[in-house]
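Below you'll find the structure, written out as structure tokens, and then a few comments.
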Amino acid sequence: MTLNLWDCGGQDIFMENFLTNDESKGSSTSSNIFRKCEVLIHVFDVEGKEVQKDIETFKRVLANLRKYSPNVKIFILIHKMDLIQVNKRQELFDLMFNKLRSIALDEYGFNIKGFATSIWDESLYKAWSSIVCSLIPNISLYEQYLSKLNGILNAREIILFEKTTFLVISSTNEAVVNSKDLDPKRFEKISNIIKTYKQSVNKIRTNFSNLILHGKNSSIYLEVLTSNIYIMIILDEDAGNEVAIDYELDDENLVLEDIKIARELFERIETKGRLPSEVT
Amino acid sequence: MDYTDNSLDQSRATILLMGLRRSGKSSICKVVFHNVQPLDTLYLESTTKPTTENFQSLIDLAVVELPGQLNLFEPSLYDSEKLFSSIGALVYVIDSQDEYLSALQNLAVIIKYAVSIKPKIHIEVLIHKIDGLSEDFRLDTQRDIMQRVGDDLLDYGLEGVQISFYLTSIFDHSIYEAFSRIVQKLIYELPALENLLDLLMQYSSFDKVFLFDINSKIYVATDSSPVDIQTYEVCAEFIDVTIDLDGLYETKGGKGMRPTRCVSKLQNGVTLYLYQMIRGLALVGVSRLDDGEDATSMSVIDYNVAIFKRSLEKMWEKSKNLEQGNL
Ligand SMILES: Nc1nc2c(ncn2[C@@H]2O[C@H](COP(=O)(O)OP(=O)(O)O)[C@@H](O)[C@H]2O)c(=O)[nH]1
Ligand SMILES: Nc1nc2c(ncn2[C@@H]2O[C@H](COP(=O)(O)OP(=O)(O)O)[C@@H](O)[C@H]2O)c(=O)[nH]1
Ligand SMILES: [Mg+2]
């Protein structure tokens, strides 16, 4: 998957340029950026002072998209939620989002999704994860197989990442008795750690292909799964003793073997769009 | 080996940090030993009295910072003779972005005094804050400073002083490299350690191995092949990746007795290898394994690294016992 991200200037002058559709001016920016557009992420400042104007802009964007990219997927971020009192957030979000949703659906026929976000907590990261997820075909098949895999491995957690953004696209932790023990910000942290690692080995002009950690708290396996996806498996450490190294390597090989099998299946989902019959 | 040598007394592990005010002494301590981000040193308060900080690594280190504005020979503030006679290394920090002539005068006076008390002392000069100088200018500056210090020492009639120069900055790995070398000179067992690491290389297909202090990212020893700064950086950062990942799924009670081990294959055929040692140390190595014999060579590496760890334990026990016997 390749993501071409356009960060569009929001100042009036740019918006005018994007949105004016004067064919006589020749090819304006407008038709360019709205053509072949697959995703729109429209950010609303929850404390925005000019609500009416923001909505007008949003409508003009929708009009352009209906014309040039009718199959576009549209997401709304109601952003800077941290500025709102905690107990008022849900109410305010519902109010704003419902208004935008009905505009998009009733007037332009678009079905939109919305997220309440802030750069100060994990909400923004989660929103991006769901957005990237919704762009991956057959995501539900990956999820199905992921829990099957966990049935075999009995892992503390298994996580799938998108390869370029390191956003989590799927995870399972059924085996965990008490999910409160898991750090709610862990996905974001993992993404950052792995991103840092990638940049680090970039200095010697390469990338990593896997990582196996036997730590104090758990064993962690990170592997390339398909051309788009990394997998991370977190296994609990059973014995607190210094385990013989040979034994550890045997364990390792078992997990690696399972990942190999998973890889074949996931690759098939990626190319054929379905699970091979023997697994479904 | 001659264990009665007095280099085994406590003094070997004290590093005295000196330099004019705002040359960067406190910043260096914060960044190297306390994992402070370099930019966060911008507004450090000026140090007004001698401060001592203790660190435990393979050896016990004490870093003493003398405030730059202090008159060295003001006897009321501290016992300079006692202090100087007990240190292992004298680190003098020069701000290379500033006019440094007065710093050099100060340095010459200090060297003269230090050598009079402890003739064999290592003098380590950090030509610091080089991030602000162009590549060419760095070398010119270093040449100029070395020349002037040499002349000053001649004027004082001092010859054969052990003095080293380092170009450093807290904004890259140069400060870690410099401190690694400075600390290594204080480790009595260094030659034996280097020997062991060379042996390990020879028998287990490593291209480079470092014995790191996990906290500070100083390496207390490495094999005898030259250090390439990029390899050092990647290894140091691999420690952080390992620790950060392991911290994500913390279990209460922290039962884990086994040493941390982390192995990562890179796409260019290189394998990064980390194995936890004793006393806050980790062995980090870079290896090139042939694809076909991955599994067996990895067992060989694990086996040899375990032997290395045991030797390290023994070596440390021995030196500890001797030290206690010496007191
Ligand atoms: N309180 C708060 N401020 C934010 C948040 N996200 C961005 N900001 C601030 O909003 C301002 C504008 O952000 P910027 O990304 O430049 O907006 P752009 O013009 O849409 O690209 C900056 O001062 C940001 O620090 C958020 O979630 N909460
Ligand atoms: N550009 C640059 N500034 C540095 C460096 N090291 C320290 N500084 C700055 O120098 C100033 C004085 O540092 P400080 O540690 O208080 O000096 P001290 O008086 O010798 O302890 C601080 O503002 C630091 O941010 C460096 O390597 N490069
Ligand atoms: Mg200071």
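Chain identifiers are assigned alphabetically (A, B, ...) following the order of the sequence lines, protein sequences preceding nucleic acid strands; residue numbering begins at 1 within each chain. This structure is a prediction, so every number in the text was calculated from the model and none was measured.
Contact between B:Arg261 and A:Glu252 at its shortest, heavy atoms only, is NH1-OE2, 3.1 Å.
Interatomic distance, CZ of A:Phe208 versus CD of B:Gln267, reported as 8.5 Å (0.5 Å rounding). Here the CG-NE2 distance, from B:Leu274 to A:His214, works out to 12.5 Å after rounding to the nearest 0.5 Å. Remark: A:Asn210 CG to B:Leu266 CG distance equals 9.0 Å, nearest 0.5 Å. Taking CG of A:Leu213 as the start and CG of B:Leu248 as the end, the distance is 10.0 Å to the nearest 0.5 Å. Summarising the geometry, atom CD1 belonging to A:Ile190 is positioned 4.0 Å from atom OH belonging to B:Tyr249; distances are rounded to the nearest 0.5 Å. Atom CD1 of residue A:Ile204 and atom CD of residue B:Glu233 lie 10.5 Å apart, to the nearest 0.5 angstrom.
Interface residue A:Ile234: only side-chain heavy atoms are found under 4.5 Å from chain B. B:Leu272 touches chain A through its side chain: at least one heavy atom from C-beta onward sits under 4.5 Å away, while N, CA, C and O do not.
Counting heavy atoms from C-beta outward, A:Thr196 and B:Asp240 have side chains that stay 4.5 Å or more apart. In this structure, A:Leu211 and B:Val241 have side chains that are in contact, with non-hydrogen atoms separated by less than 4.5 Å.
Most heavy-atom pairs under 4.5 Å with chain A, from the set B:Asp246, B:Thr260, B:Thr242: that is B:Asp246.
Counting non-hydrogen atoms of neighbouring residues, nucleotides and ligands closer than 6.0 angstrom, the CD atom of B:Gln230 exceeds 12 such neighbours. Under a cut-off of 6.0 angstrom, the local environment of CZ in B:Phe137 is sparse, with at most 12 non-hydrogen atoms contributed by other residues, nucleotides or ligands.
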